[in-house]
Amino acid sequence: MINKKTVVIMAFCLLGQSLLGQEQMLEKKDSLEPTSSKRMKLELYFRGGFISDKHTQERLSSSHFQIDNARLNFQGDYNEDLSYRVRFRLNRPLSPTSQDNASVGLDYAYLSYRFGKQKRWEAMVGKQLSAMGSFEQDINPLYEYIFTDYLNGVYANVFLAGVQLTYKINDQHKIGVQLHNTLNESFSNHLSNNNFSTSDYTASKAPIGAYFLWNANLFKGKFKTKYTYNISQFAQGYYTHSLSLGNKFQSDPHTVYLDLVYSHMGADFGLTSSRLLSISDGLVEGNYTMRKNIVYKCAVSRYDYQIDDHWSATAKIGVELTGSRNIHNEQLRTNYIYFLAGQYAPFRTQDLRFYIAYVGNTIQYAKELAMDKEQLHRFAIGAYFTLPILKK
């Protein structure tokens, strides 16, 4: 016969097991241990070597060793719906910018969430890559030897804080919208940092912009497009309208892209044409004035040829025009960029490559400005490497 004492002990045991089971279930439910991550990787991007520059301005000519790219990249998928990415440039300052309060060296810091029945919707929030129609910006920065002014952030904000919402119509087409800060710096900081006066303009109360995008993946993935229209505001009452058409063709061993850009800037926050016109008017640094109705045009193309498993060759050429609709003409400055490079990858399973490259840059000015042509010849030899620090 079971006495009362035995019944009480059994009851306490059952209660303890029940509470322990509930606690373990709660711990399991709320756990954010790394084992719950579906995919995660931590990488170091590095490129460095020897460069020799010959410039028309003799003070800019030099030969030296240089680490020109070092970035720490951390990204992954927490589960099928949620992903993240953070990337820092290690050779950029960590001081915050005045508009988005992010570090100057911070490229990415975002969360991405996929939702809907077939996960066709995706929302992204944080500092991210702009949605401009460009395949130049898609290439790993280790693999580029010179960028257009557009992608250097002169005429567009490449890494920006904002939100993006896209919808994948099918495997061939995706549409979306991205809302973003026009620039990472505030109105007054941007102008003063570039020696411009803030007179004649008022800072926009909503210095933001919007990209409307359509991406296509056609002919079994061989031909891809990224087409976008952007509207943004920097100064109150003045809008910038930009159209970007990115086109890419890939059929092993050949890859080629062509990006086309046209931008009309109501207020020239790119400042290149404004600086030239200010100098032409005899203004001194600190009193340069931002100009109205500035036009920017760009065409850039790159060709990659994978010779075999180890050797590859790359060529790139681009032309950028900027000028004014009001003063002189729309071709105040013409910027040519070009390079030819050869790469050798000793290992099939590692992203280690040695390179030798010639890089050129020619800048010509309209005769009304009476400015001499600028020319850069660069010879570079070095290596770049993606070091997988952590991968799971």
Side-chain angles (χ1 to χ4, degrees), residues 31-48 67-94 96-97 100-116 119-132 134-144 147 151 153 157-168 174 176-181 184 211 213 215 217 221 224 226 246 248 250 255 345 347 349-353 384-392:
S31 175
L32 292 178
E33 294 177 0
T35 52
S36 63
S37 298
K38 184 179 180 182
R39 180 181 65 92
M40 179 174 63
K41 65 179 180 180
L42 177 63
E43 301 171 317
L44 174 65
Y45 299 160
F46 171 83
R47 186 178 75 196
I67 298 174
D68 54 11
N69 213 315
R71 310 189 191 208
L72 194 63
N73 182 63
F74 177 55
Q75 68 183 102
D77 296 322
Y78 178 71
N79 53 38
E80 293 182 355
D81 303 327
L82 187 65
S83 62
Y84 54 87
R85 187 175 187 183
V86 178
R87 191 175 82 185
F88 269 101
R89 303 190 204 189
L90 301 180
N91 51 353
R92 286 288 183 89
L94 297 179
T97 49
D100 61 15
N101 199 38
S103 166
V104 174
L106 182 66
D107 290 341
Y108 298 111
Y110 68 77
L111 290 174
S112 178
Y113 179 64
R114 293 169 290 275
F115 61 97
K119 309 299 181 186
R120 294 184 180 274
W121 290 94
E122 184 174 9
M124 186 183 298
V125 60
K127 192 165 185 181
Q128 56 199 268
L129 191 66
S130 75
M132 72 174 71
S134 168
F135 284 99
E136 183 186 19
Q137 72 173 2
D138 281 355
I139 293 180
N140 189 316
L142 291 182
Y143 308 160
E144 281 287 14
F147 289 99
L151 220 67
N157 190 2
V158 179
F159 296 106
L160 45 80
V163 295
Q164 182 176 197
L165 180 66
T166 59
Y167 177 70
K168 186 177 180 181
K174 182 171 72 172
V177 60
Q178 183 185 58
L179 303 178
H180 61 89
N181 289 335
N184 294 331
Y211 280 100
L213 65 97
N215 296 347
N217 191 347
K224 298 180 181 180
K226 293 172 64 177
K248 180 179 180 181
Q250 184 170 8
T255 301
F347 309 111
T349 58
Q350 297 291 331
D351 189 20
L352 168 65
R353 305 187 195 188
Y384 52 83
F385 184 42
T386 299
L387 177 65
I389 300 173
L390 176 64
K391 189 173 183 180
K392 60 174 294 182

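Keep in mind that the numbers below use all heavy atoms, side chains included, and drop hydrogens, waters and symmetry copies.
- Dense packing is recorded around CG of L90, with more than 12 heavy atoms of other residues, nucleotides or ligands lying under 6.0 Å away.
- Nearest heavy-atom pair across L213 and A131 is CD2-CB, 3.7 Å.
- Atom NZ of residue K392 and atom CZ of residue R39 lie 12.5 Å apart, to the nearest 0.5 angstrom.
- E43 places no side-chain N or O within 3.5 Å of a backbone atom of P388 that could act as its donor or acceptor partner.
- Pairing each heavy atom of S103 with each of P93, the nearest pair is OG-O, 3.4 Å.
- Q128 contributes a side-chain N or O that, together with a main-chain N or O of G162, makes up a donor-acceptor pair within less than 3.5 Å.
- Applying the ring pair (Phe, Tyr, Trp, His ring centres under 6.0 Å) test to Y167 and every residue at least two apart in sequence or in another chain returns W121.
- Residues L44 and T386 are not in side-chain contact: their nearest non-hydrogen atoms beyond the backbone lie 4.5 Å or more apart.
- Under the rule for a ring pair (Phe, Tyr, Trp, His ring centres under 6.0 Å), the partners of F159 that lie at least two apart in sequence or sit in another chain are Y108.
- At distances below 3.5 Å, not a single donor-acceptor pair connects side-chain atoms of N181 with backbone N or O atoms of N184.
- Here the straight-line distance linking atom OG1 of T255 with atom CD of Q250 works out to 3.5 Å at 0.5 Å rounding.
- The closest side-chain donor-acceptor pair between Q75 and S83, if any, does not fall under 3.5 angstrom.
- Rounded to the nearest 0.5 angstrom, E144 CD and L142 CG are separated by 10.5 Å.
- Within the 4.5 Å cutoff, no side-chain heavy atoms of S112 are placed close to those of L82.
- What you find for P96 and N101 is that their closest heavy atoms are CB-OD1, 3.7 Å.
- By the ring pair (Phe, Tyr, Trp, His ring centres under 6.0 Å) test, F147 pairs with no residue at all, sequence neighbours left out.
- Judged by a 6.0 Å distance limit and a 45° cone about the ring axis, R353 is positioned over the six-membered ring of Y143.
- The shortest side-chain heavy-atom distance between Q178 and V163 does not fall under the 4.5 Å cut-off.
- Contact check on D138 versus K226 returns a salt bridge, with a Lys/Arg side-chain nitrogen under 4.0 Å from an Asp/Glu carboxylate oxygen.
- Between F347 and L352, some side-chain heavy-atom pair lies under the 4.5 Å cut-off.
- Side-chain atoms of N73 and R71 form no donor-acceptor pair, as typed in the model, at a separation below 3.5 Å.
- Of the charged side-chain nitrogens involved, none lies within less than 4.0 Å of a carboxylate oxygen, so that D81 and R114 do not count as a salt-bridged pair.
- Distance check: L94 CG to R89 CZ gives 12.5 Å after rounding to the nearest 0.5 Å.
- The main-chain N or O of L106 is found under 3.5 Å from a side-chain atom of K127 such that the two form a donor-acceptor pair.
- In this structure, N91 and I67 approach most closely via the heavy-atom pair ND2-O, 3.7 Å.
- Counting heavy atoms from C-beta on, the side chains of L390 and M40 come closer than 4.5 Å.
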### Message
Test side chain to side chain contact (heavy atoms under 4.5 Å, CB included) on N140 and Y45; report intermediate values, then the result.
### Response
CA-CA 9 Å; N140 189 316; Y45 299 160; 4.2 Å; yes
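- Q164 places no side-chain N or O within 3.5 Å of a backbone atom of Y211 that could act as its donor or acceptor partner.
- With values rounded to the nearest 0.5 angstrom, R47 atom CZ is found 4.0 Å from D68 atom CG.
- Here the side chains of N157 and S130 are not in contact, with every heavy-atom distance at 4.5 Å or above.
- Taking the centre of each ring, F74 and Y84 come in below the 6.0 Å mark.
- In this structure the side chain of R87 never reaches within 4.5 angstrom of the side chain of L72, judged on heavy atoms.
- Nearest heavy-atom pair across L151 and S134 is CD1-OG, 4.0 Å.
- To the nearest 0.5 Å, atoms CG (L160) and CG (L129) are separated by 7.5 Å.
- By the 4.5 Å heavy-atom criterion applied to side chains, F385 and Q350 are counted as neighbours.
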